2 protein chains.
Amino acid sequence: MARPREFDTDTAMQGAMRVFWMKGYAATNLPDLLSAMGITRGSFYKAFDDKESVYLAALDYYDDKIVSTVVERLSAGTDDSASACLAPLFACTGDAADKGCFICNAMVELAPFNAKVAERTGRMAERVRAAIEDVLRRFDIGGNDTHRRELSTLVLHLYFGFHAMGRASRVHGDWQARLSRLFGEAAPA
Amino acid sequence: MARPREFDTDTAMQGAMRVFWMKGYAATNLPDLLSAMGITRGSFYKAFDDKESVYLAALDYYDDKIVSTVVERLSAGTDDSASACLAPLFACTGDAADKGCFICNAMVELAPFNAKVAERTGRMAERVRAAIEDVLRRFDIGGNDTHRRELSTLVLHLYFGFHAMGRASRVHGDWQARLSRLFGEAAPA
DNA sequence: ACGATTAGGAACCATTTGGTACAAAACAAC
DNA sequence: GTTGTTTTGTACCAAATGGTTCCTAATCGT
């Protein structure tokens with residue numbers, strides 16, 4: 001061992017995730033990335049390979065921190081309706097407020113051209129879909145397993161489209177009322 | 001008058017639309033764009049302003065050609081169910097097969113940073129939503145106007161999410177069955 | 001204390017970027 | 001055919017890009 005690293009890898013990765021999440025891969029140049037990570041070129045290329053590998057690591061970080069949190073919230077939801085339990089998917093607070101969904105952004109920008117991105121985003125999307133399916137199962141929505149799976153895919157698409165539009169306008173309308181009717185729940189007060 | 005233009009503006013714009021639609025704005029460099037348009041630098045900068053203005057023109061071209069066609073098909077649909085009438089939105093043939101939806105792509109990549117892109121994509125999305133609403137009205141789906149508007153927004157988000165995911169994988173599942181159940185239609189044969 | 005080892009930062013590099021300048025070429029008017 | 005006008009293609013440019021080098025400084029093991 002010798003001189004220890006001055007920056008915190010986790011903090012730097014969080015910055016990388018944020019900037020790639022907001023601006024995308026191509027529009028993020030190295031100075032942008034470095035200042036978001038709080039380090040300089042030297043440290044960057046000592047600790048990481050290149051821009052692309054950090055992007056992939058940022059996707060993994062998103063999976064580990066954001067997707068995992070959402071999935072846990074979905075499976076731990078104690079609300080009395082499925083639409084309420086799915087709220088974490090449509091919450092527009094914190095990072096998601098202006099950045100949308102990193103999975104969706106990466107799918108749209110890079111998945112057709114980068115197999116690693118396609119694989120990661122596909123895997124994360126499946127995690128989210130499975131979590132949605134679990135919520136539907138808890139509330140016995142969708143009838144049989146086949147239909148429930150289809151319905152969970154529908155909600156997943158809804159989730160992506162919701163956040164894609166959110167990047168263009170901050171007007172989302174009443175998503176919970178829409179979901180509530182979709183599930184045939186009694187109208188909330 | 002003098003030397004006439006050798007290239008066809010409409011053909012060139014179609015090429016520009018295709019390449020921006022597929023690769024996005026930042027990932028399309030000038031050589032890519034020029035070869036897609038079938039012209040060289042000289043002609044390009046004589047006939048157009050710069051890369052960004054051509055991107056905006058490509059969005060307008062998409063509005064004029066693709067969105068208009070879809071909207072017309074939606075309003076002229078003679079199928080016997082709403083889900084069948086909405087098929088043009090979820091057709092994965094031709095350009096849409098691998099490129100997804102240009103509105104969605106532009107919203108995700110540029111709308112947060114470019115007001116003109118945000119305005120155009122917002123306007124196109126509203127055209128599509130209104131056309132969906134019309135289909136729902138024709139089949140008397142959604143109950144009252146308020147709910148129908150919410151439901152049309154839901155289908156619009158579904159449409160965006162569907163094509164966002166389509167850029168990562170070509171597996172879409174049975175979208176019509178999902179819509180059919182969503183609308184409470186009798187199960188198709 | 002000191003050598004080994006590693007982080008940090010600035011200068012540097014080749015390539016690519018979007019955009020311009022300009023001369024040759026192709027037409028219309030006469 | 002001459003002239004005037006506009007298009008086209010190529011050569012060119014400055015700036016920005018991602019990435020490397022290299023030197024200094026900091027910290028560890030002994």
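Please read these numbers as outputs of a predicted model, since none were measured by experiment. Residue numbers start from 1 in every chain, and the chains themselves are labelled A, B, ... in the order their sequence lines are given, proteins ahead of strands.
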Is the distance from OP1 or OP2 of C:dT20 to the nearest side-chain N or O of B:Tyr45 less than 4.0 Å?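 For C:dT20, neither OP1 nor OP2 has a side-chain N or O of B:Tyr45 closer than 4.0 Å.
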Does a sphere of radius 6.0 Å around CG in B:Asp80 hold more than 12 heavy atoms from other residues, nucleotides or ligands, not counting ones at 6.0 Å or beyond?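 No, CG of B:Asp80 has 12 or fewer neighbouring heavy atoms, counting only those of other groups under 6.0 Å.
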Restricting to non-hydrogen atoms, name the atom on [X] and the atom on [Y] that form the minimum distance, rounded to 0.1 Å.
X        : Y        : value
A:Ile141 : A:Leu151 : CG2-CD2, 3.7 Å
B:Glu150 : A:Arg178 : OE1-NH1, 2.8 Å
B:Trp175 : B:Ala87  : CH2-CA, 3.3 Å

All N/O donor-acceptor pairs, side-chain side in residues 96-103 of chain B, below 3.5 Å, sequence neighbours left out:
unit_1  : atom_1 : unit_2  : atom_2 : d
B:Lys99 : NZ     : B:Asp95 : OD1    : 2.8

Within residues 49-59 of chain A: residues closer than 4.0 Å to DNA chain D (heavy atoms):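 DNA chain D contact set from residues 49-59 of chain A: A:Asp50, A:Lys51.
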Which residues in residues 14-22 of chain B have at least one heavy atom lying under 4.0 Å from any atom of DNA chain D?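 Heavy-atom contacts with DNA chain D come from no residue of residues 14-22 of chain B; none.
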On the 0 to 90° scale, with breaks at 30° and 60°, tag the A:Tyr159-A:His163 ring pair as parallel, tilted or perpendicular.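 Ring orientation of A:Tyr159 relative to A:His163: perpendicular.
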[N] [atom2] sits how many Å from [X] [atom1], rounded?
X       : N      : atom1 : atom2 : value
B:Asp32 : C:dT16 : CG    : C1'   : 12 Å
A:Leu30 : C:dC13 : CG    : C1'   : 14 Å
A:Leu34 : D:dT17 : CG    : P     : 12 Å
B:Asn29 : D:dG18 : CG    : P     : 14 Å

Using the benzene-type ring in the case of Trp, are the ring centres of B:Phe162 and B:Phe90 under 6.0 Å apart?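 Close enough - the centres of the two rings lie under 6.0 Å apart.
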Pairing of B:Lys23 and B:Asp32 as salt bridge, 4.0 angstrom limit: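 Judged by the 4.0 Å cut-off on N to carboxylate O distance, B:Lys23 and B:Asp32 do form a salt bridge.
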For the pair A:Asp10 and A:Lys65, find out whether any cationic side-chain nitrogen is under 4.0 Å from an anionic carboxylate oxygen.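 Here A:Asp10 pairs with A:Lys65 in a salt bridge, since their nearest N and O are under 4.0 Å apart.
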Is a donor from one side chain sitting under 3.5 angstrom from an acceptor on the other, for B:Arg127 and B:Ser68?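 Side chains of B:Arg127 and B:Ser68: pair found under 3.5 Å.
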Is it the case that the side chains of A:Asn114 and A:Glu52 hold a donor-acceptor pair, with the cut-off being a distance below 3.5 Å and no angle test?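 Present: a donor and an acceptor within the cut-off.
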Would the distance check show the side chain of A:Arg73 and the main-chain N or O of A:Pro88 forming a donor-acceptor pair, the cut-off being under 3.5 Å?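 No; judged by distance alone, with no hydrogens or angles, the pair does not exist.
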5'-to-3' dot-bracket of DNA chain C (Watson-Crick, G-U; under 3.5 angstrom; crossing pairs as [ ]; | other strand): ||||||||||||||||||||||||||||||
A:Glu133: partners by side-chain contact (heavy atoms from CB on, under 4.5 Å), with sequence neighbours left out: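 Testing A:Glu133 for side-chain contact (heavy atoms from CB on, under 4.5 Å), a comparison that skips the adjacent residues, returns A:Arg129, A:Arg137, A:Arg148, A:Arg149, A:Ser152.
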Could you pull out the protein-nucleic contacts involving nucleotides 7-12 of chain C (nitrogen or oxygen on both sides, under 3.5 Å)?
unit_1 : atom_1 : unit_2  : atom_2 : d
C:dA7  : N3     : A:Arg3  : NH1    : 3.0
C:dG8  : OP1    : A:Glu6  : N      : 2.9
C:dG8  : OP2    : A:Ser43 : OG     : 2.8
C:dG8  : O5'    : A:Ser43 : OG     : 3.2
C:dG9  : OP2    : A:Thr40 : OG1    : 2.9
C:dG9  : N7     : A:Gly42 : N      : 3.4

